[in-house]
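This structure is a prediction, so every number in the text was calculated from the model and none was measured. Basis for what follows: all heavy atoms, side chains included, without hydrogens, waters or symmetry-related copies. Remember, it's 1-based here, ligands and their atoms both numbered in the order they're listed.
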Amino acid sequence: MSRPVALITGPTSGLGEGFARRYALDGYDLVLVARDQDRLTRLAAELRDEAGADVEVIRADLAQAADRAAVAERLRAGVQVLVNNAGFGTAGEFWSADYAVLQSQLDVNVTAVMQLTHAALPPMLAAGTGTVLNVASVAGLLPGRGSTYSASKAWVVSFSEGLANGLGGTGVGVHALCPGFVRTEFHARAGIDMAGTASFLWLEVDDVVRDTMADIAKHKIVIIPGLQYKALTTGGRMIPRNVVRALTRVVGRGRDRT
Ligand SMILES: NC(=O)c1ccc[n+]([C@@H]2O[C@H](COP(=O)([O-])OP(=O)(O)OC[C@H]3O[C@@H](n4cnc5c(N)ncnc54)[C@H](OP(=O)(O)O)[C@@H]3O)[C@@H](O)[C@H]2O)c1
């Protein structure tokens, strides 16, 4: 019997790498999508050796329309799982940030999620089964923290929840993963100084991946790993929005990040 296939964007580090390893161990073949060819090749070789997975590699910059189209073409041929994980944040203020970088953030964090999901769903619906996991963020659930990055993640949450309702009863599930701070390359790449962040706020990749897979099995739509972030987001829903906004300004250092 052929193995199911999971296509994962951004598997060259952090959460995406964690999901690639987990799906390979769970018996999936993989399609790995990112820009760093060397890291893609190394990971593919490792997963073939360690988990016996068949691994395709697509080198793609998801900020580029032609590259997104190539990945969408692969998805139209059918996969069982799509993990829209690639994404990035940036330090600095919105008004002084390089506009080209902000546009590419929107293209990777939002346009790629929409385009790849749109390509993946028809074969999943025809098969009556499939999973789309969209990596959003706690930043998409709490108001007042940064600008374009948080807005892009709020889009991902809203998109996933709406789609999940629309897909009810089809056998295809859509999930929005909303992690808090995770130890990955994310903050160093963004140039965001995380010194002084309380240690209880940090999550590990393996824990996030394990909790996410468990919640997908329970058909949860919005997945928030970690008790501390479950408490934070529940509290955030119960107190008035203007109070949450004021708190994120003080506690969350709402400036110097997009
Ligand atoms: N770490 C956190 O605290 C945190 C919290 C909440 C949400 N998230 C979200 O989690 C997801 C994964 O981030 P991470 O924390 O694992 O960060 P990471 O370690 O920096 O990994 C980001 C991944 O995205 C890929 N990527 C970035 N830009 C890309 C582009 N233009 N085209 C294709 N691939 C691209 C990178 O691959 P290449 O460089 O090889 O292209 C890399 O594999 C992101 O969507 C992020 O917003 C992270």
Side-chain angles (χ1 to χ4, degrees), residues 7-22 30-44 57-72 83-91 100-113 115-116 133-142 145-146 148-157 159-160 175-194 197 201-209 211-212 222-226 228-229 232-233 252 257-258:
L7 185 147
I8 300 170
T9 68
T12 49
S13 73
L15 286 169
E17 182 177 343
F19 281 112
R21 291 185 185 284
R22 172 64 189 263
L30 296 172
V31 186
L32 305 178
V33 177
R35 293 165 302 179
D36 188 328
Q37 181 72 55
D38 288 348
R39 282 175 129 184
L40 284 168
T41 307
R42 265 202 311 277
L43 180 63
V57 160
I58 304 178
R59 206 208 76 78
D61 179 348
L62 293 172
Q64 302 296 326
D67 288 9
R68 285 195 304 274
V71 181
V83 182
N84 279 311
N85 163 79
F88 69 96
T90 47
V101 174
L102 296 179
Q103 182 64 58
S104 69
Q105 184 183 61
L106 193 63
D107 292 338
V108 176
N109 293 11
V110 172
T111 309
V113 174
Q115 189 171 355
L116 301 191
L133 173 61
N134 294 323
V135 181
S137 171
V138 159
L141 296 173
L142 298 174
R145 189 173 170 76
T148 54
Y149 177 77
S150 303
S152 75
K153 294 304 186 179
W155 186 95
V156 173
V157 174
F159 170 67
S160 304
H175 312 264
L177 167 60
C178 299
F181 299 136
V182 192
R183 290 191 205 280
T184 68
E185 296 177 11
F186 179 89
H187 297 98
R189 286 185 194 233
I192 296 172
D193 178 9
M194 296 300 284
T197 302
L201 288 174
W202 284 106
L203 303 171
E204 301 298 331
V205 167
D206 287 348
D207 297 334
V208 172
V209 170
D211 290 1
T212 303
V222 177
I223 298 171
I224 302 168
Q228 65 278 54
Y229 288 106
L232 201 70
T233 51
R257 58 181 63 224
T258 63

Nearest-0.5 Å distance, OG1 of residue Thr111 to CZ of residue Arg68: 5.5 Å
Closest contact, heavy atoms only, Asn134 versus Val156: CB-CG1, 3.6 Å
Sub-3.5 Å N/O-N/O distance, Leu62 and ligand 1: yes
Spacing of OG1 belonging to Thr148 relative to CG belonging to Leu102, to within rounding of 0.5 Å: 5.0 Å
Residue Leu15 vicinity, atoms of ligand 1 by number, heavy atom under 4.0 Å: 10 (O), 16 (O)
Those residues that, when tested against Arg183, pass side-chain contact (heavy atoms from CB on, under 4.5 Å) (two or more places apart): Trp202, Glu204
Ligand 1 contact on Val108 by region, counting heavy-atom pairs under 4.0 Å: side chain
Shortest protein contact, atom 46 (C) of ligand 1 (heavy atom only): Tyr149 OH, 3.6 Å
Verdict with supporting geometry, Asp36 and Thr12, side chain to side chain donor-acceptor pair (under 3.5 Å): CA-CA 7 Å; Asp36 188 328; Thr12 49; 5.8 Å; no
Contacting atoms of ligand 1, where contact means under 4.0 angstrom from a heavy atom of Gly14: 16 (O), 19 (O)
Candidate with minimal heavy-atom separation from atom 7 (C) of ligand 1, of Gly140, Gly87, Ala136, Ala190: Ala136
Ala60 neighbourhood, listing ligand 1 atoms whose heavy-atom distance to it stays under 4.0 Å: 32 (N), 33 (C)
Under 3.5 Å: N/O of Phe181 near N/O of ligand 1: no
Proximal atoms of ligand 1 relative to Asp36 (non-hydrogen, under 4.0 Å): 40 (O)
Pairwise distance CD(Glu17) to CD(Glu185) - rounded to 0.5 angstrom: 8.5 Å
Any N or O of Gly16 closer than 3.5 Å to N or O of ligand 1: no
Atom 28 (N) of ligand 1: the protein heavy-atom neighbour that sits closest, reported with distance to 0.1 Å: Arg35 NH2, 3.3 Å
Atom pair OG/CG of Ser104 and Leu62 - distance to nearest 0.5 Å: 11.0 Å
Check against side chain to side chain contact (heavy atoms under 4.5 Å, CB included), Thr233 and Val222: CA-CA 11 Å; Thr233 51; Val222 177; over 6 Å; no
Contact check, side chains of Thr184 and Arg189, non-hydrogen atoms, under 4.5 Å: no
Part of Arg189 within contact of ligand 1 (heavy atoms, under 4.0 Å): side chain
Atom 48 (C) of ligand 1 - nearest protein heavy atom and its distance: Phe186 CD1, 4.1 Å
Test of proximity, Gly10 against ligand 1: N or O pairs below 3.5 Å: yes
Taking atom 34 (N) of ligand 1 as the reference point, the nearest protein heavy atom with its distance: Ala86 CB, 3.7 Å
Ring pair (Phe, Tyr, Trp, His ring centres under 6.0 Å) against Phe159, all qualifying residues, sequence neighbours excluded: Trp155
Side chain Ser150, main chain Gly140, donor-acceptor under 3.5 Å: no
Heavy-atom neighbours of Asp206 CG exceed 12 at 6.0 Å: no
For atom 3 (O) of ligand 1, the protein heavy atom that lies nearest, with its residue and separation: Val182 N, 2.8 Å
Reported CG-to-CG distance for the pair Leu7 and Asn85, which is rounded to 0.5 angstrom: 11.0 Å
His187 contact mode with ligand 1 (heavy-atom cut-off under 4.0 Å): side chain
OG-CG distance between Ser152 and Asp107, expressed to the nearest 0.5 angstrom: 11.0 Å
Nearest candidate to atom 42 (C) of ligand 1, where distance is taken over non-hydrogen atoms, out of Thr12, Val156, Asp38, Leu32: Thr12
Element-labelled atoms of ligand 1 that are located less than 4.0 Å from some non-hydrogen atom of Asp61: 30 (C), 31 (N), 32 (N)
Heavy-atom proximity to atom 21 (O) of ligand 1, best of Ser13, Gly180, Cys178, Ser152: Ser13
Atoms of ligand 1 close to Pro179 [distance to a heavy atom under 4.0 angstrom, numbered from 1]: 5 (C), 6 (C), 7 (C)
Student check: side-chain heavy atoms of Leu232 and Leu142 closer than 4.5 Å: yes
Ligand-residue contact atoms, ligand 1 with Pro11, heavy atoms, under 4.0 Å: 43 (O)
Protein heavy atom at shortest distance from atom 14 (P) of ligand 1: Thr184 OG1, 3.4 Å
Atoms of ligand 1, numbered as shown, that sit under 4.0 Å from any heavy atom of Val135: 9 (C), 10 (O), 11 (C)
Mode of Arg39 contact toward ligand 1 - side chain, backbone, both, neither (heavy atoms, under 4.0 Å): neither
Top protein contact for atom 44 (C) of ligand 1, by heavy-atom distance: Asn85 O, 3.2 Å
Close approach of Lys153 to ligand 1, heavy atoms, under 4.0 angstrom: yes
Result of checking Phe181, Phe88, Tyr149 against His187 for ring pair (Phe, Tyr, Trp, His ring centres under 6.0 Å): Phe181
